[in-house]
Amino acid sequence: MTTAGDIMHRGAQWIPAHETLDRAAQLMRELNVGALPISDENERLCGILTDRDIVVGCVAMGHDPAKVTAGEMAKGTPRWIESDADIDDVLTEMRTHQIRRLPVIDDKRLVGMISEADLARHLTDEQIAAFAESVYARSASG
């Protein structure tokens with residue numbers, strides 16, 4: 001059985017909710033990633049911040065990324081998966097919630113992230129095709 005822990009990108013890092021978006025952008029550049037999980041003061045997942053969130057939700061709205069925090073951008077219920085979850089559960093979670101990045105949690109702590117690139121490296125062509133069709137077909141029509 002392939003698990004979330006088997007395919008995840010290890011070394012994912014939180015951005016604390018109190019950090020500003022300019023710091024988040026710097027961290028994204030340093031880590032070469034397009035998304036960061038947002039943690040509350042207890043290092044619990046409270047959202048995910050993407051580079052697009054910074055551009056569209058802050059800069060394009062005329063706000064200063066040095067004054068807006070990651071926590072202010074956290075909206076909705078964050079989705080995540082346990083590291084021992086089966087790959088089918090990973091795909092179901094990502095399909096159902098139309099998400100392209102999924103934090104992996106173990107003992108309530110962030111241990112990795114699963115992105116579309118991770119799926120592409122570890123899934124069969126059939127699994128990738130089914131995932132892409134389910135995620136992109138609905139998002140294109142919606």
Side-chain angles (χ1 to χ4, degrees), residues 1-63 65-66 68-142:
M1 167 177 93
T2 302
T3 67
D6 294 331
I7 69 166
M8 72 182 182
H9 173 80
R10 298 182 188 284
Q13 291 186 25
W14 299 109
I15 185 80
H18 68 270
E19 285 287 353
T20 58
L21 297 185
D22 62 338
R23 177 62 191 127
Q26 292 164 4
L27 187 56
M28 286 180 187
R29 182 188 64 221
E30 291 167 16
L31 298 172
N32 194 30
V33 298
L36 294 169
I38 305 169
S39 69
D40 66 15
E41 62 278 351
N42 298 314
E43 291 195 0
R44 303 281 307 261
L45 182 67
C46 64
I48 294 184
L49 178 68
T50 67
D51 46 7
R52 187 175 194 283
D53 293 333
I54 295 170
V55 172
V56 175
C58 178
V59 177
M61 300 296 288
H63 302 295
V68 178
T69 66
E72 291 175 76
M73 299 298 289
K75 294 179 180 75
T77 302
R79 306 307 307 179
W80 53 271
I81 198 135
E82 294 281 342
S83 63
D84 60 356
D86 183 77
I87 189 64
D88 290 332
D89 295 330
V90 170
L91 293 172
T92 298
E93 186 71 15
M94 293 176 81
R95 279 185 194 123
T96 302
H97 299 286
Q98 296 279 290
I99 55 178
R100 294 172 174 90
R101 298 170 183 99
L102 186 62
V104 181
I105 305 293
D106 197 12
D107 287 329
K108 299 181 183 177
R109 297 289 180 231
L110 179 70
V111 294
M113 287 280 281
I114 297 173
S115 69
E116 290 172 311
D118 298 313
L119 296 178
R121 281 192 292 275
H122 294 93
L123 300 180
T124 66
D125 290 345
E126 293 78 22
Q127 287 173 311
I128 293 168
F131 173 77
E133 183 177 335
S134 68
V135 171
Y136 292 107
R138 280 197 280 164
S139 64
S141 64

(Q) Could you measure the distance from the OG1 atom of T2 to the CD atom of Q127? Nearest 0.5 Å is fine. (A)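 Result: 8.0 Å between the selected atoms.
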
Q.
Determine whether a donor-acceptor pair (N or O, by modelled atom type, separation under 3.5 Å) exists between the side chain of E19 and the backbone of P16.
A.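 Pair absent, no side-chain N/O of E19 close to backbone of P16.
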
Q: Kindly give the heavy-atom pair with the smallest separation between A66 and T20, and that separation in Å.
A: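 Minimum heavy-atom contact is O-CG2, 3.2 Å.
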
Q: Give the intermediate values and the outcome of side chain to side chain contact (heavy atoms under 4.5 Å, CB included) for residues L119 and M94.
A: CA-CA 11 Å; L119 296 178; M94 293 176 81; 4.0 Å; yes

(Q) To check you understand the geometry: which heavy-atom pair defines the closest contact between G47 and A74, and what is its length? (A)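 Minimum heavy-atom contact is CA-CB, 4.2 Å.
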
Q) Does any non-hydrogen side-chain atom of H9 lie less than 4.5 Å from one of S115? A)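 Not in contact.
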
Q.
Could you check whether any side-chain N or O of R52 sits under 3.5 Å from a backbone N or O of G57, counting only pairs where one atom can act as donor and the other as acceptor?
A.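 Checking the backbone N and O of G57 against the side chain of R52, no donor-acceptor pair under 3.5 Å is found.
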
Q. Do you know which two heavy atoms are closest between V68 and H63, and how far apart they sit?
A.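 Scanning both residues, the minimum pair turns out to be CG2-CB, 4.0 Å.
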
**Q.** Interatomic spacing from CD1 in I81 to CG in L91 - rounded to 0.5 Å
**A.**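 Taking CD1 in I81 and CG in L91, the distance rounds to 9.0 Å.
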
Q. Does the side chain of D89 come under 3.5 Å of the side chain of T92 through a donor N or O and an acceptor N or O?
A.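 On atom types as modelled, these side chains do not qualify, holding no pair under 3.5 Å.
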
Q) Side chains of V90 and E93: closer than 4.5 Å at any heavy-atom pair? A)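 When only atoms from C-beta onward are counted, E93 and V90 do not touch, as no gap falls below 4.5 Å.
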
**Q.** R79 atom CZ, over 12 foreign heavy atoms within 6.0 Å
**A.**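 Yes, because the 6.0 Å sphere around CZ of R79 holds more than 12 heavy atoms from other groups.
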
Q.
Please determine whether the number of non-hydrogen atoms from other residues, nucleotides or ligands lying under 6.0 Å from atom CG of D107 exceeds 12.
A.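 Not buried by this count: 12 neighbours or fewer within 6.0 Å.
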
Q) Shortest non-hydrogen contact from P78 to C46? A)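 Closest approach of P78 to C46, heavy atoms only: CG-C, 3.7 Å.
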
Q) Do you know which two heavy atoms are closest between V56 and M61, and how far apart they sit? A)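 Smallest heavy-atom distance, with atoms named: O-CG, 3.4 Å.
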
Q | Heavy-atom pair with the smallest gap, counting every atom of V33 and L36 | A |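 Reported closest heavy-atom pair: CG2-CD2, 4.0 Å.
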
Q | Cationic N near anionic O, under 4.0 Å, E133 to R95 | A |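 No.
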
Q: Hey, could you give me the CD/NZ distance between E43 and K108, rounded to the nearest 0.5 Å?
A: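 It comes to 13.5 Å.
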
Q. Counting N and O atoms only, with roles assigned by atom type, does the side chain of N42 sit under 3.5 Å from a partner on the main chain of R44, one being a donor and the other an acceptor?
A.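 Judged by distance alone, no pair lies under 3.5 Å.
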
**Q.** Full working for side chain to side chain contact (heavy atoms under 4.5 Å, CB included) between L49 and L21
**A.** CA-CA 9 Å; L49 178 68; L21 297 185; 3.7 Å; yes

Q. To the nearest 0.5 Å, how far apart are CZ in R109 and CH2 in W14?
A.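 The CZ atom of R109 sits 8.0 Å away from the CH2 atom of W14.
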
Q) Near M1 CE, under 6.0 Å, is it more than 12 heavy atoms from other residues, nucleotides or ligands? A)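 Yes, CE of M1 has more than 12 neighbouring heavy atoms, counting only those of other groups under 6.0 Å.
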
Q. Atom OG1 of T69 and atom CZ of R23: how far apart are they, to the nearest 0.5 Å?
A.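 T69 OG1 to R23 CZ: 15.0 Å, rounded to 0.5 Å.
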
(Q) What's the separation between atom CG in L110 and atom CD1 in I105, rounded to the nearest 0.5 Å? (A)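 It comes to 5.0 Å.
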
Q. Do the non-hydrogen side-chain atoms of I87 and H122 ever get within less than 4.5 Å of each other?
A.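 Answer no - side chains too far apart.
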
**Q.** Heavy-atom side-chain contact between T3 and S83 under 4.5 Å
**A.**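 No, their side chains stay 4.5 Å or more apart.
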
